[in-house]
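On a predicted model such as this, the values are computed, not experimentally measured, just so you know. Chain A is the first sequence line, chain B the second, and so forth, proteins listed ahead of strands; every chain is numbered from 1.
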There are 2 protein chains.
Amino acid sequence: MSSLSNPRHRHGEAVDAVFRTIRQGIISGRFAPGQRLVIRDLAEEIPYSRSTFREALRRLAAERLVSLVPNRGAAVQRLSPREMADLFEIRELLEGQAARRAAEHIGQGTHRKRFLAMWQKVRRGDPADRAAFIEHNQLFHGTIVELSGNSRLPEMLDQLQIPILMFQWRTLMTPQEIALSQEEHKTIAKAILEGRPDQAEAAMRRHVRRAKLRTSLDVSASRARPRKAASPFRHSP
Amino acid sequence: MSSLSNPRHRHGEAVDAVFRTIRQGIISGRFAPGQRLVIRDLAEEIPYSRSTFREALRRLAAERLVSLVPNRGAAVQRLSPREMADLFEIRELLEGQAARRAAEHIGQGTHRKRFLAMWQKVRRGDPADRAAFIEHNQLFHGTIVELSGNSRLPEMLDQLQIPILMFQWRTLMTPQEIALSQEEHKTIAKAILEGRPDQAEAAMRRHVRRAKLRTSLDVSASRARPRKAASPFRHSP
DNA sequence: TGGCGTATGATTGTCTGACAATTTAAGCAG
DNA sequence: CTGCTTAAATTGTCAGACAATCATACGCCA
């Protein structure tokens, strides 16, 4: 049975539905990096027409989730360790700035209330529950980025985060590492709630840098074992 | 006569050609912010099929150059002063980091050679020649961003720059302002060539911040005179 | 006159079939 | 084994049909 369900949507939302379905498939690992996305095959799982798929793939390509080569179609984007590091570099900058702004705007009103509501959910997570941590982690970072007040940051960081999510679901993050991450979250939350922009930015940048180190280890680990670096076209490995 | 020419392309590049044509039309002001992009009308100027246009518009929407509302089609994205300021905030961060990295990597080899080649072209521009300045400005910033070594920065900043370009062509930048901008470029170039990351980043951030102030003035000026803020649909004003 | 529901036309969105262009894989000759 | 030719598969573009939805104009009634 197909894990990719196909509920019907209102007129004018088919492309969006397909886009989200494929994106979720990429994040969850249903479609592996490098795997070709052949429209005819996709249409068997998700019953929409070719033009709908073409539009969805065009959008996925614009967001760098798939590569789209003329006359060769689409394939799930494969990131080199270098490109992954580049993403983290940008994330460190943007999330650091988001934390700074969040600390500046925290005030006593709705922003603080919203932040505290999030923090209540997140503060005491079980380091052994990996799935819960991933969810809490997204909520934590997402809330801070939204509270930054910058209208573009959320969508930009969402995009940047997707390749990292692809790893997270597969990677084995130890409870110790999760506990460490939670400690770092605590430091960030404290700085924001106390309205200290400099500390908030510094703590967030440190946090992202450490996450990069953890993930980079995973990257080099997955590179350690040999793999076909060749083109992803014609029946994937 | 149509200013949007339509040369034929190789098989598999129609969407890309349409995408670039429309994007250029947006940057140059051929399509004004808020203007609706009706496929039938577009197809009269640029002879491609509707599905081709739909894919191109889908990509333009993913890059935030047009808004795409279900059952209402596409319109050139209109930015509020606030959103414009948000873009500058991100640009300041990213370009500052690019300048830092460029200073770190400048060395004595190809990077330095490439930077100097650019600087030779740019260093002595006539402040009265607005078009030349815009071109030089793009070259200056583009080179630094590429020399940063981060693979994602160029495309990200390209996108962020487009709304600013849309203004630049219409706005009246005085020779005095251009001369000032050139002085700032000189400071940045010096810091990069001397391999001083801190100074390079600081100078670049200052430069972007000042550009923001200049542009923000234009924004509020164009907001000062009344205009229809209403929906852009059904024959544009 | 003015507000409100309805009819109408225009536009969008989706789907399907056709065809050419291109790539990939396989077969063959040397 | 190498290089060329052939064949199949896939992509890319186009044209047309149709339903869904929107925007406007109209008519109705107060």
Side-chain angles (χ1 to χ4, degrees), chain A residues 4 6-22 31 34-62 66-77 228-237, chain B residues 4 6-22 31 34-62 66-77 228-237:
Chain A
L4 306 172
N6 55 308
R8 285 285 114 182
H9 295 80
R10 285 200 308 280
H11 188 262
E13 297 185 351
V15 173
D16 204 59
V18 169
F19 165 79
R20 281 201 302 267
T21 302
I22 297 180
F31 302 123
Q35 180 178 344
R36 254 187 106 184
L37 298 175
V38 180
I39 289 187
R40 188 177 47 77
D41 298 342
L42 290 173
E44 287 176 13
E45 292 194 67
I46 322 169
Y48 286 96
S49 72
R50 281 164 297 152
S51 44
T52 301
F53 280 103
R54 291 192 58 77
E55 284 189 45
L57 289 174
R58 191 66 70 173
R59 180 172 166 195
L60 287 162
V66 312
S67 66
L68 206 47
V69 182
N71 298 313
R72 279 194 265 184
V76 179
Q77 189 63 272
K228 298 188 71 166
S231 89
F233 299 103
R234 227 60 169 188
H235 39 238
S236 62
Chain B
L4 306 172
N6 54 307
R8 286 283 114 181
H9 295 78
R10 283 201 306 282
H11 187 262
E13 298 185 349
V15 173
D16 204 60
V18 170
F19 165 78
R20 282 201 301 268
T21 303
I22 297 179
F31 302 122
Q35 179 178 343
R36 251 189 108 185
L37 298 175
V38 180
I39 289 188
R40 188 178 47 77
D41 299 342
L42 291 174
E44 286 176 12
E45 294 193 67
I46 322 170
Y48 286 96
S49 72
R50 277 168 297 156
S51 43
T52 301
F53 280 102
R54 289 191 60 76
E55 285 190 43
L57 289 174
R58 191 66 69 172
R59 178 172 167 194
L60 287 162
V66 313
S67 66
L68 205 48
V69 181
N71 298 314
R72 278 193 263 183
V76 179
Q77 189 64 272
K228 299 188 72 167
S231 91
F233 300 102
R234 227 61 168 186
H235 36 240
S236 61

Go nucleotide by nucleotide along DNA chain C from the 5' end; which of Asp41(B) and Pro70(A) gets its closest nucleotide reached first? Asp41(B)
Rounded distance (Å) that lies between atom C1' of dT12(C) and atom CG of Leu37(B): 14 Å
Among Leu42(A), Val38(A), Leu37(A), which residue meets the side chain to side chain contact (heavy atoms under 4.5 Å, CB included) test with Phe53(A)? Leu42(A)
Please determine whether a side-chain nitrogen of the Lys or Arg among Arg36(A) and Asp41(A) lies less than 4.0 Å from a carboxylate oxygen of the Asp or Glu. no
Between Thr52(B) and dG12(D), is there a contact of a side-chain N or O with OP1 or OP2 at under 4.0 Å? no
Within the structure, does a side-chain N or O atom of Arg40(A) lie under 4.0 Å from either OP1 or OP2 of dT10(D)? yes
Using whole Å, report how far CZ of Arg58(A) lies from P of dT13(D). 7 Å
Specify the separation, in whole Å, of atom CZ of Arg72(A) and atom P of dT23(C). 7 Å
His11(B) NE2 to dA9(D) C1': how many Å, rounded? 14 Å
5'-most contact on DNA chain C (nearest-nucleotide basis), Asn71(A) vs Glu13(A), goes to Glu13(A)
Could you tell me how far apart Glu44(B) (CD) and dT11(C) (P) are, to the nearest whole angstrom? 10 Å
Taking the side chain of Arg54(B) as heavy atoms from C-beta outward, which of dT22(C), dT12(C), dC14(D) is closest to it? dT12(C)
Who passes side chain to side chain donor-acceptor pair (under 3.5 Å) against Asn71(B), sequence neighbours left out? His11(A)
Can you see if the side chain of Arg36(A) gets near the phosphate of dT11(D) - specifically, an N or O under 4.0 Å from OP1 or OP2? yes
Nearest whole angstrom, please: distance from the P of dG13(C) to the CD1 of Ile39(B). 7 Å
For the pair made of CG in Asp16(B) and P in dG12(D), what is the distance, rounded to whole Å? 12 Å
Please write out each protein N/O paired with an N/O of nucleotides 15-17 of chain D under 3.5 Å, distance rounded to 0.1 Å.
from, atom 1, to, atom 2, distance (Å)
dG16(D), N7, Arg50(B), NH2, 2.6

Please round to the nearest 0.5 Å and tell me the distance separating atom CZ of Arg59(A) and atom CG of Leu57(B). 13.5 Å
Under the side chain to side chain contact (heavy atoms under 4.5 Å, CB included) rule, collect the residues that match up with Arg54(A), sequence neighbours excluded. Ile39(A), Arg58(A), Glu55(B)
State which residues pass side chain to side chain donor-acceptor pair (under 3.5 Å) with Gln77(B); sequence neighbours excluded, sorted by chain then number. none
When the distance from CZ of Phe53(B) to P of dT13(D) is rounded to whole Å, what number comes out? 12 Å
Applying side chain to side chain donor-acceptor pair (under 3.5 Å) to Arg50(B) and not counting sequence neighbours gives none
